[in-house]
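Atom set for the values below is all heavy atoms of this structure, side chains included, hydrogens, waters and symmetry mates excluded. Start at 1 and go down the list; that is how both ligands and their atoms are numbered.
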Amino acid sequence: MLKVEGINVYYGNIQALKGVTLEVNEGEIVTLIGANGAGKSTLLKTLSGLLKPKTGSITYLGKSISGKAAQTIVKAGISHVPEGRRVFANMTVEENLELGAYLRKDAAGIRADLDRVYEIFPRLLERKKQASGTLSGGEQQMLAMGRAIMARPKLLLLDEPSMGLAPLFVKTIFQVIQEINNNGTTILLVEQNANMALSIADRAYVIETGRVVLSGTAKELQASEELKLAYLGGH
Ligand code: ATP
């Protein structure tokens, strides 16, 4: 579904991605694991058109999307939930959710997905008329995910969805990610919480200072001594 081949991405003179190659097959959950500053967010931003690779190629459903505008990429079915939520603070919860569907025209489908988001996150239903800026951090995270679901993406890019959430809620978020995947959305997931990410992923890539250094099935990586020491708390 998505093929990234040898991309090099720079911020000015700083090279953040160095020849990154990876792929995501339809129906998979693929996770990117790596320390702070490894380049994970940079990769997602490049896939969603917020950054342009200097060289290398990105192919999605058989077509090149490298260097395409973010709007074009969203239209093609890729949604990005960035780190740090980014909801529209002055709009209500429901307005934010509706905005997620702004490119869609199927009113009945939009209504059904809105109901589904409220079913997944009852808290958002309770607060649908509330200004989004007054939601708690965890609630804003739910809203950002709900808005992405409303876009009915084929491929969902999730950047640290568990960041700053209470442990109990982290479990819920991972269940939601699995449910979204079961409903037919392919997922590329960036997570600091490597244990949790591997528990729901099919495959994973480990990124260190802008390079892919390890990849395999989630099972293989869970068993990898190298990974255990560096990212899985050493047990
Ligand atoms: P984290 O887990 O801490 O979010 P990450 O793996 O997502 O880390 P990136 O945010 O992709 O890392 O950053 C990769 C590198 O690029 C880092 O060294 C970072 O300092 C650098 N970088 C990111 N954004 C910019 C920017 N706008 N200008 C310059 N350098 C940047």
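No more than 12 heavy atoms of other residues, nucleotides or ligands sit less than 6.0 Å from atom NZ of Lys3. Residue-environment remark: CG (Asn90) stays at or below the threshold of 12 foreign heavy atoms within 6.0 Å. Within a 6.0 Å sphere centred on CD of Glu26, other residues, nucleotides and ligands contribute 12 heavy atoms or fewer.
Applying the 4.0 Å criterion to heavy atoms of Glu160 picks out, from ligand 1, the atoms 2 (O). Atoms of ligand 1 found under 4.0 Å from any heavy atom of Ala38, numbered from 1 in the order shown, are 5 (P), 6 (O), 12 (O). Under a 4.0 Å criterion applied to the non-hydrogen atoms of Gln192, ligand 1 contributes the atoms 2 (O). Against a heavy-atom cut-off of under 4.0 Å, Glu83 is close to the following atoms of ligand 1: 4 (O). Annotation for ligand 1: atoms under 4.0 Å from non-hydrogen atoms of Ala16 are 16 (O). The Ala35 neighbourhood of ligand 1 comprises atoms 6 (O), with distances under 4.0 Å to a heavy atom of that residue.
Ile177 has its side chain within reach of Met145: a pair of non-hydrogen atoms, C-beta onward, lies under 4.5 Å apart. Contact annotation: the side chain of Leu47 never approaches that of Ile78 to less than 4.5 Å [non-hydrogen atoms, C-beta and beyond]. With contacts defined as side-chain heavy-atom distances shorter than 4.5 Å, the pair Val30/Leu189 does not qualify.
For atom 20 (O) of ligand 1, no protein non-hydrogen atom is found at a distance below 4.0 Å. At a distance under 4.0 Å, a protein heavy atom can be found next to atom 31 (C) of ligand 1.
Put simply, the side chain of Thr46 gets close to the backbone of Thr42: a donor and an acceptor are under 3.5 Å apart.
Each of Ile29, Thr186, Leu158, Leu156 was compared with Ile180 under the side-chain contact (heavy atoms from CB on, under 4.5 Å) criterion, and only Leu156 meets it.
When the heavy atoms of Asn13, Ile207, Thr42, Asn36 are ranked by distance to atom 11 (O) of ligand 1, first place goes to Thr42. Nearest-residue assignment for atom 18 (O) of ligand 1 (options Gly210, Gly37, Gly39, Ser41; heavy-atom criterion): Gly37.
At the shortest separation from atom 22 (N) of ligand 1 among protein heavy atoms lies Tyr11 CE1, 3.3 Å.
Of the heavy atoms in Lys45, none comes closer than 4.0 Å to ligand 1.
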